[in-house]
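Whatever order the structure lists them in is the order used to number ligands and atoms, beginning at 1. Throughout, residue positions are numbered sequentially from 1 according to the sequence presented.
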Amino acid sequence: MTRDDVLDSIQANVENENLINHMLATEAIMRALARRLGQDEEEWGLTGLLHDIDVELTEDDMHSHSQLGADIAQELGATGEMAQAILCHNEAHGIHCETLLDKALFCADPLTGLIVAAALVRPNKKLAGVTAKSVMKRFGEKRFAAGANREQIAKCSEIGLELEEFIALGLEAMQGIADELGL
Ligand SMILES: [Fe+2]
């Protein structure tokens, strides 16, 4: 499975630009986490890129979401570990995150939304001037980007990262693809 195969499949299954950007941002964070933790960057990156591929197909059915995604990923040639991480990133299935990859995707997913929101409240709406310190502050403001589940983000402790480091790593990763994200 190549990154191009995954991007083709995303083009075929996802229309919403924001959702595509969310998957690209998750990929960037997962790649940075893989480098930080000495894991397979391609495997982790593609897991992040694929993880919400079924959102439009499953609409609001949270019990199908990520089950179908895991199936699509496997059809594309994802490993069983990748499919499992995609499956358990959706808490509705009640499947506990076991592997480092499962846990990394679980905490990376909501971090993208918090960082995007931190960029969008700036006058220029760009990621360039956002600092890790400002995102940390936003993290503590419960009503700011309330959809970005803080408890889930804080699970970075389970992959051995302090919250500050995780936020800084995620921010830097997203800043690295800011043009692609239109931010
Ligand atoms: Fe997601």
(message) Would you say that His89 contacts Asp52 through its side chain, given a criterion of any heavy-atom pair below 4.5 Å between the two side chains?
(response) yes

(message) Closer than 4.0 angstrom, basic N to acidic O: yes or no for Arg31 and Glu42?
(response) yes

(request) State, yes or no, whether a side-chain contact exists between Leu120 and Lys125 at a heavy-atom distance under 4.5 Å. (result) yes

(request) Of all N, O or S atoms in Asp109, identify the one at the shortest distance from the Fe ion (ligand 1). (result) OD1

(request) Give a rough value, rounded to 10 degrees, for the angle at the Fe ion (ligand 1) between atoms NE2 of His22 and NE2 of His51. (result) 90°

(message) Looking only at N, O or S atoms, which one in Asp52 sits nearest to the Fe ion (ligand 1)?
(response) OD2

(message) When you compare the side chains of His22 and Asp109, does any donor N or O come within less than 3.5 Å of an acceptor on the partner?
(response) yes

